[in-house]
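A short write-up of the structure that comes next.
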Amino acid sequence: MTDVPRLSIVVPCLNEEAGLETLVRAVDETGIVGVEFVFVNDGSTDGTLAVLRRLAESDGRIHYLSFSRRFGKEAALLAGLRKARGAIVVTMDADLQDPPRLLPEMLRGIEEEGHDCVATRRTTREGEPPVRSWFARCFYWLMRHFSEVALVDGARDYRMMTRQVVEAILAMPEANRFTKGIYQWVGFDTKWLAFPNEERKVGETKWSFWRLFRYSLDGIMAFSAAPLMLASLLGVTFCGLSFVALLFVFVRALVFGDPVGGWPSLVCVITFLGGLQLFFIGVFGAYLAKTYTEAKRRPAYFVKEER
Ligand code: UDP
Ligand code: MG
């Protein structure tokens with residue numbers, strides 16, 4: 001095969017009509033040759049698909065997939081990686097928050113320095129609400145301490161990898177795809193590049209606070225069973241505590257007799273433990289629900305149009 005592109009650029013797009021041409025131009029300005037574009041239209045409701053059709057018509061290097069509805073960024077990345085044919089593949093956002101000017105350096109990291117991946121991280125979170133940054137920091141702390149993947153704070157989904165790494169990622173069969181974790185989990189040697197945060201140039205962010213919150217819970221549950229362990233740990237702790245309390249009450253009754261009293265504190269203890277039990281039933285339920293959706297083996301997306 002002589003027509004394997006040197007570099008496939010995979011771009012998930014949800015309502016990004018305004019920035020796609022700029023992105024292609026910005027990539028071309030880097031002067032990299034042998035590029036293929038794989039755009040994945042994740043159920044956009046604006047003119048994204050029309051722009052993609054037009055771009056593909058006029059430029060043979062541009063390919064796209066269009067989903068039958070919105071399936072989410074993770075599904076779009078999966079579809080893009082499956083379609084990409086390049087010897088090296090990079091995934092990036094459509095909004096120029098992942099600066100194309102880094103592409104030559106990333107390519108050098110793989111082609112000349114021999115790394116398997118070149119990943120990027122933001123050094124700042126400027127232009128982001130403080131609450132969001134705080135939650136993000138908590139999330140990364142939790143993942144670092146309680147999961148099997150050591151996520152890097154500020155890591156972007158802007159990542160270049162060899163064909164070998166792409167195949168490894170595609171071999172991960174799960175339907176609940178938490179890409180940041182998967183990248184880390186498959187291993188391989190990764191070089192990190194840092195860059196200051198870039199503001200979105202066009203369009204608006206697709207991530208509401210709640211969507212991000214749910215996404216972080218997905219991430220924790222996909223790569224950690226710590227919340228389940230916590231139930232046993234707390235259970236053992238409370239057993240120990242109650243045993244000590246029992247001894248105390250027993251001895252006190254022997255020494256001072258047995259006056260009735262203390263029922264308000266008893267009610268507090270019972271409601272506290274009841275709450276704790278309900279909370280952990282909820283945690284079990286969440287894992288069970290994940291197992292259930294996984295067991296149904298539904299496809300991650302459906303493609304309506306492809307080119
Ligand atoms: N995106 C997508 N499906 C979604 C959400 C986002 O395809 O459900 C795409 C979006 O078009 C963009 C990239 O994923 O190319 C990152 O989204 P965004 O820029 O909104 O995220 P942020 O940079 O604010 O984290
Ligand atoms: Mg963005």
Side-chain angles (χ1 to χ4, degrees), residues 8-24 26-27 37-52 55 62-84 89-100 102 119-137 139-140 151-159 175-180 182-183 195-216 218-219 300-305:
S8 295
I9 300 180
V10 172
V11 188
C13 313
L14 171 65
N15 300 340
E16 303 282 4
E17 59 177 359
L20 296 180
E21 270 154 304
T22 328
L23 176 67
V24 173
V27 169
F37 291 89
V38 180
F39 290 99
V40 183
N41 174 29
D42 180 24
S44 300
T45 50
D46 67 351
T48 299
L49 181 57
V51 174
L52 289 179
L55 284 174
I62 297 182
H63 306 276
Y64 68 85
L65 280 173
S66 187
F67 285 172
S68 59
R69 64 166 170 89
R70 179 176 177 182
F71 283 96
K73 182 180 178 183
E74 305 294 314
L77 283 174
L78 175 64
L81 287 180
R82 280 186 181 150
K83 186 171 170 70
V89 179
V90 63
T91 56
M92 69 194 295
D93 288 0
D95 56 7
L96 293 169
Q97 277 191 296
D98 297 332
L102 295 181
T120 60
R121 53 182 280 265
R122 295 188 291 182
T123 46
T124 58
R125 286 177 167 274
E126 258 149 56
E128 195 182 62
V131 191
R132 202 181 234 211
S133 303
W134 186 80
F135 268 98
R137 268 200 307 276
F139 168 68
Y140 283 111
L151 293 189
V152 175
D153 190 359
R156 305 277 310 166
D157 287 342
Y158 185 23
R159 182 181 269 259
N176 286 305
R177 295 187 81 82
F178 182 71
T179 310
K180 282 183 203 300
I182 291 178
Y183 285 156
F195 68 93
N197 190 29
E198 306 242 344
E199 300 261 345
R200 208 174 215 284
K201 298 288 185 299
V202 289
E204 55 194 40
T205 178
K206 308 302 179 310
W207 297 89
S208 66
F209 182 78
W210 282 113
R211 206 176 166 88
L212 267 181
F213 190 72
R214 283 212 317 267
Y215 176 71
S216 58
D218 282 349
Y301 56 85
F302 280 108
V303 174
K304 187 175 169 200
E305 190 179 317

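All residue numbers in this chain count up from 1 along the given sequence. As the structure lists them, so they are numbered: ligands from 1, and atoms in each ligand from 1.
When all heavy atoms of Asn41 and Ser44 are compared, the pair lying nearest together is OD1-OG, 2.6 Å. Nearest heavy-atom pair, Thr120 versus Leu102, reported as atom, atom and distance to 0.1 Å: CG2-CD1, 4.2 Å. Minimum heavy-atom separation, Val152 to Tyr140: O-CE2, 3.5 Å.
Proximity of Ala94 to ligand 1, defined as any heavy-atom pair under 4.0 Å, is shared by backbone and side chain alike. At a heavy-atom cutoff of 4.0 Å, ligand 1 is contacted by the side chain of Glu16 but not by its backbone. When heavy-atom distances to ligand 1 are checked against a 4.0 Å cut-off, Leu14 comes that close through both its backbone and its side chain. Residue contacts with ligand 1 for Asp42 involve side-chain atoms from C-beta outward but no N, CA, C or O (heavy atoms, distance under 4.0 Å).
Of all atoms in ligand 1, numbered sequentially from 1 with element shown, those under 4.0 Å from a heavy atom of Arg70 are 4 (C), 5 (C), 8 (O). Near Asp95, meaning under 4.0 Å from one of its heavy atoms, ligand 1 places the atoms 19 (O), 23 (O). Taking every heavy atom of Asp93 and a limit of under 4.0 angstrom, the matching atoms of ligand 1 come to 13 (C), 15 (O), 16 (C), 19 (O), 23 (O). For ligand 1, the atoms closer than 4.0 angstrom to any heavy atom of Gln97 are 19 (O), 22 (P), 23 (O). Ligand-side atoms of ligand 1 in range of Cys13: 7 (O), 11 (O), range being under 4.0 angstrom from any heavy atom. Atoms of ligand 1 found under 4.0 Å from any heavy atom of Pro12 (numbered from 1 in listed order, with element): 7 (O), 9 (C), 10 (C), 11 (O), 12 (C), 14 (O), 15 (O).
Atom 14 (O) of ligand 1 has its closest protein heavy atom at Lys73 CD, 3.3 Å. From the protein, the heavy atom lying nearest to atom 24 (O) of ligand 1 is Thr205 OG1, 2.7 Å. The protein atom (non-hydrogen) at minimum distance from atom 20 (O) of ligand 1 is Lys206 N, 2.7 Å. When only non-hydrogen protein atoms are considered, atom 18 (P) of ligand 1 lies nearest to Arg200 NH2, 3.5 Å. Nearest protein heavy-atom neighbour of atom 25 (O) of ligand 1: Trp207 CD1, 3.8 Å.
A donor-acceptor contact shorter than 3.5 Å links the side chain of Thr48 to the backbone of Glu17. Between the side chain of Glu74 and the backbone N or O of Asn176, no donor-acceptor pair lies under 3.5 Å. Of the possible polar contacts, none joining the Ser216 side chain to the Phe139 backbone as a donor-acceptor pair under 3.5 Å is found. A donor-acceptor pair under 3.5 Å is formed between the side chain of Asp95 and the backbone N or O of Gln97.
Among the atoms of Ala76, none of the N or O lies under 3.5 angstrom from an N or O of ligand 1.
Residues Phe37 and Leu55 are not in side-chain contact: their nearest non-hydrogen atoms beyond the backbone lie 4.5 Å or more apart. Counting only heavy atoms from C-beta outward, the side chains of Pro100 and Met92 approach each other to under 4.5 Å.
Taking a 6.0 Å sphere around CZ of Phe302, one finds it holds 12 or fewer heavy atoms contributed by other residues, nucleotides or ligands.
Cation-pi contact between Arg69 and Phe71: present, with separation from the ring centre below 6.0 Å and deviation from the ring axis of at most 45°.
The name of the N, O or S atom in Asp95 nearest to the Mg ion (ligand 2) is OD2.
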